[in-house]
Student: 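One structure coming up, written as structure tokens, with questions to follow.
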2 protein chains.
Amino acid sequence: MQCVSEKNTAEDGWRERKKRATRASLVESAVRLAAEHGLENVTVDAISAAAGVSARTFFNYFDSRDEVFVLIGAESSARVRRALLDAPRELSPLEALRDAMAGELQEVEQQTDLWRLYVEVLGKAPELLARSLGAHLADETGLAEAVAERIGAGTSPSADDGPADVSQDERRRTLDLYPRLLAAVGATAGRIAVEHWCVRQDEADFADVFREVFEQLAAGLPQPPVPTTSGRR
Amino acid sequence: MQCVSEKNTAEDGWRERKKRATRASLVESAVRLAAEHGLENVTVDAISAAAGVSARTFFNYFDSRDEVFVLIGAESSARVRRALLDAPRELSPLEALRDAMAGELQEVEQQTDLWRLYVEVLGKAPELLARSLGAHLADETGLAEAVAERIGAGTSPSADDGPADVSQDERRRTLDLYPRLLAAVGATAGRIAVEHWCVRQDEADFADVFREVFEQLAAGLPQPPVPTTSGRR
DNA sequence: CGCAAAAATGCAGGCTCTGCAATAATCCTT
DNA sequence: AAGGATTATTGCAGAGCCTGCATTTTTGCG
């Protein structure tokens with residue numbers, strides 16, 4: 001690993017490619033089997049057999065059986081974090097987070113084949129999607145740290161934060177609290193967007209749903225307009 | 001069964017009391033053991049033995065091993081939902097949800113003994129708290145239905161199912177989306193409040209943290225004031 | 001007391017997951 | 001190209017989780 005040769009970084013070599021293939025094969029087998037027999041009735045043995053590896057090997061790729069159903073991998077977390085830090089300074093934290101996650105979720109609409117099966121499976125097992133997106137896409141703790149870094153390093157020279165009369169204690173508490181809250185809520189919003197789009201796939205593009213979710217969030221979750229049809233009050 | 005005698009409803013009878021006691025004993029044993037030996041090193045056998053029942057009986061009380069560590073029970077979900085529906089009409093959906101959850105979370109600060117141990121355990125196992133609060137306190141789906149009913153019932157008393165005759169696509173989408181979003185975000189906010197309070201117990205009352213979280217939410221998660229040390233960077 | 005409902009228990013069995021050691025594939029250096 | 005080093009795969013043993021079923025014990029009630 002100490003890199004004497006020209007081996008740059010990552011994804012060349014027959015080895016890596018095979019690992020990727022195996023991993024992808026496991027995921028695909030898992031989702032396919034789950035769509036056919038139900039999520040609960042798919043064993044690690046079955047998945048491994050379908051993918052052509054041993055059951056033991058399965059656990060070399062995934063820490064748990066459920067993890068194979070999590071299409072958003074751990075790399076996503078890092079990418080989102082980086083995108084958050086690299087986002088333009090003009091954006092508010094919420095906007096930056098939205099854009100960072102949007103970049104990651106773009107592939108949702110592209111890998112439609114697998115995702116459609118995936119959605120079918122998850123429609124009957126919502127808790128898995130929750131864990132999937134909630135836990136991995138965001139990696140709340142890491143994301144919270146990125147948020148903290150962003151707003152901490154974002155102190156522009158203007159230093160125009162007017163009210164200096166807030167108690168130092170409360171401010172510090174808020175500063176610890178805010179990143180965690182933003183990260184968690186943002187991840188949740190992303191999850192809800194995916195869930196909603198899963199159910200009503202035909203009615204709107206995912207991008208629209210995603211945008212709307214964050215608009216609601218930025219607006220403070222006001223009560224939406226009530227249907228005007230009958231007697232709007 | 002069909003209540004011939006004066007057996008009113010719930011909590012009399014030697015039988016029920018013993019069940020409660022057993023359940024409580026299991027919970028307490030579990031938390032105590034976890035605090036001592038670490039969450040992962042506590043087996044169902046150990047918990048059951050400490051509580052004086054067989055391991056098989058454990059699974060008559062809890063569906064899974066982890067469930068014994070979830071102090072917020074399934075009843076909470078129903079109570080929150082009812083509180084949400086009973087909340088004054090003047091309150092915005094977010095406020096109503098906040099108050100409904102606040103009522104439920106009051107007991108957090110009261111059962112300090114058990115919760116302190118609990119916090120200690122969960123400090124090293126955050127994913128459990130996430131599942132605990134995220135999954136059970138809110139029961140997002142049910143909560144979303146309650147939200148939908150609340151904002152839908154603003155017009156007609158027939159709260160069966162919302163008006164399905166909305167013309168505009170986007171409005172209908174929003175109406176389906178909003179309750180899910182609010183429920184999920186609210187639950188997340190509650191969880192973050194608990195988590196934050198867990199870490200910084202001494203610095204603030206839980207009620208303060210809880211209130212602040214929802215204030216941020218209502219304000220649209222704006223960037224908080226940056227520490228005044230202007231020379232920063 | 002004696003019957004019926006409910007709870008607790010023991011047991012068998014399947015599934016998940018982990019360490020360990022042996023084997024096989026890949027990579028790298030010479 | 002050969003050989004050694006690294007890494008992946010595999011089988012196996014074993015602990016733990018969880019469920020269904022049959023049995024025993026407890027509780028409620030006439």
Side-chain angles (χ1 to χ4, degrees), chain A residues 1-27 29-30 33-34 37-70 125 127-128 131-132 135, chain B residues 1-27 29-30 33-34 37-70 125 127-128 131:
Chain A
M1 287 317 188
Q2 279 69 8
C3 252
V4 200
S5 60
E6 78 291 0
K7 263 296 168 55
N8 260 345
T9 43
E11 64 265 13
D12 46 355
W14 178 239
R15 205 169 193 142
E16 300 300 323
R17 195 168 308 141
K18 192 175 181 182
K19 281 185 70 174
R20 276 173 218 281
T22 301
R23 188 183 184 87
S25 178
L26 282 170
V27 169
S29 301
L33 286 172
H37 301 118
L39 187 60
E40 301 305 318
N41 305 319
V42 177
T43 70
V44 171
D45 281 330
I47 299 171
S48 309
V53 295
S54 75
R56 186 61 184 82
T57 297
F58 177 93
F59 289 105
N60 290 339
Y61 281 87
F62 303 96
D63 284 341
S64 77
R65 166 192 172 278
D66 289 352
E67 204 175 295
V68 78
F69 295 108
V70 176
E127 84 282 353
L128 200 54
R131 256 196 293 171
S132 157
Chain B
M1 300 289 246
Q2 280 75 5
C3 255
V4 201
S5 58
E6 76 291 1
K7 271 294 172 56
N8 258 344
T9 44
E11 65 265 12
D12 47 356
W14 179 237
R15 207 167 189 140
E16 301 299 326
R17 195 167 307 143
K18 191 174 181 182
K19 281 185 70 175
R20 277 172 217 282
T22 300
R23 190 182 184 87
S25 178
L26 282 169
V27 170
S29 301
L33 286 171
H37 302 116
L39 187 59
E40 302 305 319
N41 306 318
V42 177
T43 70
V44 172
D45 280 329
I47 299 170
S48 310
V53 296
S54 75
R56 186 60 185 84
T57 297
F58 177 94
F59 289 104
N60 290 338
Y61 282 88
F62 303 96
D63 284 341
S64 77
R65 166 192 173 278
D66 288 352
E67 204 175 295
V68 77
F69 294 108
V70 177
E127 84 281 354
L128 199 54
R131 255 196 292 172

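Throughout, a chain's letter reflects where its sequence line sits, starting with A, and its residues are numbered from 1. Scope of the values below: all heavy atoms of this structure, side chains included, with no hydrogens, waters or symmetry mates.
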Student: Of all the nucleotides listed (dC27(C), dA8(D), dT16(C)), which has the minimum atom distance to the side chain of W14(A)?
Tutor: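 Among the listed nucleotides, the one closest to the side chain of W14(A) is dC27(C).
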Student: I'd like to know if the side chain of S25(B) reaches the main chain of A21(B), judged simply by a donor and an acceptor atom lying under 3.5 Å from each other, with no hydrogens or angles considered.
Tutor: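 No.
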Student: Would you indicate, yes or no, if dA7(C) has its OP1 or OP2 atom less than 4.0 angstrom from a side-chain nitrogen or oxygen of Y61(B)?
Tutor: no
Student: Which whole-number value in Å describes the distance from D45(A) CG to dT10(D) C1'?
Tutor: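 After rounding, the gap between these two atoms is 13 Å.
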Student: Between dC15(C) atom P and F62(A) atom CZ, what is the distance in whole Å?
Tutor: 20 Å
Student: Please determine, for the side chain of K18(B), which listed nucleotide (dC17(D), dG10(C), dT27(D)) has the closest atom?
Tutor: dT27(D)
Student: Between dC17(C) atom C1' and D66(A) atom CG, what is the distance in whole Å?
Tutor: 12 Å
Student: Do you know the tightest heavy-atom contact between A34(B) and F69(B)?
Tutor: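 Closest approach of A34(B) to F69(B), heavy atoms only: CB-CE2, 3.7 Å.
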Student: State which of dT9(D), dG16(D), dT9(C) makes the closest approach to the side chain of T57(A).
Tutor: dT9(D)
Student: I'd like to know if R15(A) reaches the base of dT26(C) with its side chain such that a donor and an acceptor end up less than 3.5 angstrom apart.
Tutor: yes
Student: Are Y61(B) and V27(B) close enough that some pair of their side-chain heavy atoms sits under 4.5 Å apart?
Tutor: no
Student: Between E40(A) (CD) and dG20(D) (C1'), how many Å, whole number?
Tutor: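 Taking atom C1' of dG20(D) as the reference, CD of E40(A) is at 17 Å.
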Student: Starting at atom CZ of R23(B), determine the distance to atom P of dA7(C), rounded to an integer number of angstrom.
Tutor: 12 Å
Student: Specify the separation, in whole Å, of atom CZ of R17(B) and atom C1' of dA7(C).
Tutor: 17 Å
Student: Taking the side chain as C-beta and beyond, is there a heavy-atom pair between F62(B) and V70(B) under 4.5 Å?
Tutor: no
Student: Choose from dT9(C), dT10(D), dC17(D) the nucleotide whose nearest atom is closest to any side-chain atom of R56(A).
Tutor: dT10(D)
Student: Between L26(A) and A51(A), what is the shortest heavy-atom contact and its length?
Tutor: CD2-CB, 3.4 Å
Student: Regarding N60(B), tell me which of base, sugar-phosphate or nothing describes its non-hydrogen contacts under 4.0 Å with the strands shown.
Tutor: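 Base contact - N60(B) has a heavy atom under 4.0 Å of at least one base atom.
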Student: With nearest nucleotides of DNA chain C determined for D63(A) and A55(B) from heavy-atom distances, which residue corresponds to the more 5′ nucleotide?
Tutor: A55(B)
Student: Could you check how far CD of E16(A) sits from P of dA8(D), rounded to whole Å?
Tutor: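 Result: 8 Å.
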Student: When you get a sec, tell me which of dC17(C), dC17(D), dC21(D) is the closest nucleotide to the side chain of R65(A)?
Tutor: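 The answer is dC17(C), which lies nearest to the side chain.
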Student: To the nearest angstrom, how far is K19(B) atom NZ from dA8(C) atom P?
Tutor: 7 Å
